[in-house]
Amino acid sequence: MTRPIAAALNVVMLGPPGAGKGTQAERFARTHGLPKISTGDILREAVTTGTDLGRAAKATMDRGELIGDEVMIGIVGERLARPDTERGFVLDGFPRTVTQATALDGLIDGRGPLVVVDIVVPEEVLLRRLAARRICGSCGVNAPIEWTTTCGVCNGELVTRTDDGVGIVRERLKVYHLQTAPIVNFYSGRPTFRKIDGNQPPDQVTTLMDKAICQASAVSNGARL
Ligand SMILES: [Zn+2]
């Protein structure tokens, strides 16, 4: 059950593709009335609204390059400066590097603890899930588990993705772990770091995650960390 939380609830979600991170981030944000901030969304928004950072990001993407730490940190910093994040936020897709993680600590300095959740799922389960992943046949959006047969955006028919061969998926997971291991290291010694067993039904993961985050946040506030 959710309880009102006095201090800000600042959450970072980590987890490999197929772990259900996006869905869980969405659910947690909704139950606690917090903005879910995904870097994909804010990048698109920054590009659309044409801010300086948005233009810099677009130029980089147009060249087919990855967005550097400085631009990413700037864009997330702008987003976290908005008043709707005062009571907290759920970050999905940031930080991706230790430089970004260090910058995030600075960005939220004095704004309450940062709870970091790592959703852990065995690789063979991820491979199975990713092979069965569905997208909308019309608009191409990834279908969350809640959608049974039709797309929640355009009502199109859901289809199973067939382009993700096992080899490609395995490679994506390897890249994910290589990139994320330093960040997990960066956070794992903190009393507000929580590993969540993501190898169970989504509703159970939601309950477990809710408990873990609220407990980590309460402990940390009590200890004045
Ligand atoms: Zn659709």
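Ligands are counted one by one from 1 in listed order, and the atoms in each one are counted from 1 as well.
Looking only at distances, a side-chain donor or acceptor of Thr60 sits under 3.5 Å from a matching main-chain atom of Ala56.
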Check: residues 68-78 side-chain donor-acceptor pairs under 3.5 Å, at least two apart:
{"unit_1": "Asp69", "atom_1": "OD1", "unit_2": "Thr97", "atom_2": "OG1", "d": "2.9"}
{"unit_1": "Asp69", "atom_1": "OD1", "unit_2": "Gln100", "atom_2": "NE2", "d": "2.9"}

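Closer than 2.8 Å to the Zn ion (ligand 1) sit the protein N, O or S atoms Cys136 SG, Cys139 SG, Cys151 SG, Cys154 SG.
A salt bridge is defined here as a Lys NZ or Arg NE, NH1 or NH2 lying under 4.0 Å from an Asp or Glu carboxylate O, and Asp118 with Lys21 fails to meet this definition. Looking at Arg55 and Asp62, no side-chain N of the basic residue comes within less than 4.0 Å of a carboxylate O on the acidic one, giving no salt bridge. For Asp41 and Arg79, the salt-bridge test fails: no basic side-chain N is under 4.0 Å from an acidic carboxylate O.
At least one side-chain heavy atom of Ile37 sits under 4.5 Å from a side-chain heavy atom of Ile42.
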